[in-house]
Amino acid sequence: MGQNQSSGAEEIDVADLQDLYKKFVIECPSGALYQHEFRRFFGISENHEASQFVERMFSSFDRNGDNAIDFLEYVAALNLVLRGKLEHKLRWSFKIYDRDGNGSVDKRELREIVQSIYSVKKDWKRDPETELMSPDDVCERIFQLVDENGDGQLSLEEFIEGAKKDEWVLKMLQLNTSPYNWVMEQRRKSALF
């Protein structure tokens with residue numbers, strides 16, 4: 001975290017770190033954020049596809065694999081999401097898409113994540129660029145634009161370069177992890193009932 005970010009954002013200073021820690025301890029008195037708490041934070045309960053997506057996000061932040069996000073992992077995740085370089089965010093997104101961990105993303109993996117995102121983020125369906133596109137259509141278009149060698153697999157390099165070359169592809173491939181709108185929508189729904 002000691003490197004300057006290309007976005008010009010400053011590093012987290014000691015006061016910010018102390019505030020983050022206080023908030024973390026209030027939200028997670030056990031000192032760790034567990035998967036069920038992470039799912040609840042995102043308002044996920046019954047939706048299987050959304051659950052899979054959130055579980056993949058959780059696992060990617062749980063660096064030591066202990067099924068909990070401790071404060072250091074939390075700060076690292078926040079730093080990536082809020083201040084990380086585009087390439088680092090794309091590498092993280094690739095890790096989420098590459099469900100089997102074989103170093104490439106096939107159409108099935110891409111379709112599953114796109115379907116999960118559609119079920120979680122309703123605003124994707126209302127976006128004029130994707131409004132009439134099914135997850136299959138999105139996958140086909142991404143592969144047409146990004147799969148340079150036509151092998152039906154997106155390598156990390158193809159994934160990153162494709163996202164950098166085409167704004168629509170970037171929008172589709174870069175996972176937006178900002179939960180604010182999502183959480184607010186969940187709170188509005190629960191307030192109505």
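- Not counting sequence neighbours, the partners of S60 by the side chain to side chain donor-acceptor pair (under 3.5 Å) test are W92.
- In terms of the ring-ring contact (aromatic ring centres under 6.0 Å, His included) criterion, residue partners of F94 (sequence neighbours excluded) are, by chain and number, F159.
- When all heavy atoms of C139 and V114 are compared, the pair lying nearest together is SG-CG2, 4.4 Å.
- In this structure, CG in L173 is found 6.5 Å from CG in L110, a value given to the nearest 0.5 Å.
- The closest side-chain heavy-atom distance from N67 to Q35 is not below 4.5 Å.
- We find the CZ-CD1 distance between F61 and I96 to be 7.0 Å, quoted to the nearest 0.5 Å.
- W168 is listed as a side-chain neighbour of L145, based on a closest heavy-atom distance under 4.5 Å.
- Atom CD of E112 is separated from atom CZ of R99 by 4.5 Å, given to the nearest 0.5 angstrom.
- If you take CG on D98 and OG on S93, they are separated by 12.5 Å, rounding to the nearest 0.5 Å.
- Take S104 and apply the side chain to side chain donor-acceptor pair (under 3.5 Å) test, not counting sequence neighbours, and it matches N102, Q153.
- Remark: E148 engages K165 in a salt bridge (Lys or Arg N to Asp or Glu O under 4.0 Å) (not counting sequence neighbours).
- Sorted by first and then second residue, the salt bridge (Lys or Arg N to Asp or Glu O under 4.0 Å) pairs involving residues 54-72 (not counting sequence neighbours) are R39-E55.
- Atom CD1 of I113 is separated from atom CZ of R108 by 10.0 Å, given to the nearest 0.5 angstrom.
- With sequence neighbours excluded, the residues forming a side chain to side chain contact (heavy atoms under 4.5 Å, CB included) with A32 are S30, Y34, A68, listed by chain and number.
- Pairs engaging residues 18-33 under the salt bridge (Lys or Arg N to Asp or Glu O under 4.0 Å) rule: none recorded [sequence neighbours left out].
- Between the side chain of E73 and the backbone N or O of L33, no donor-acceptor pair lies under 3.5 Å.
- Judged as a salt bridge (Lys or Arg N to Asp or Glu O under 4.0 Å), and not counting sequence neighbours, the contacts of R111 are D136.
- Side-chain N or O atoms of E109 include one that pairs as donor or acceptor with a backbone N or O of D106 at under 3.5 Å.
- To the nearest 0.5 angstrom, L170 atom CG is 6.0 Å from L90 atom CG.
- Shortest non-hydrogen contact noted between N149 and D147 is OD1-OD1, 3.0 Å.
- Here the side chain of N79 pairs no donor or acceptor atom with the backbone of A76 at under 3.5 angstrom.
- Remark: R91 pairs with E87 by the salt bridge (Lys or Arg N to Asp or Glu O under 4.0 Å) rule, at least two apart or across chains.
- Taking the ring-ring contact (aromatic ring centres under 6.0 Å, His included) definition, one finds that F24 meets it with F71, Y74, sequence neighbours left out.
- Residues L80 and H88 meet the side-chain proximity criterion, which asks for heavy atoms closer than 4.5 Å.
- Taking the side chain to side chain donor-acceptor pair (under 3.5 Å) definition, one finds that K95 meets it with nothing, sequence neighbours left out.
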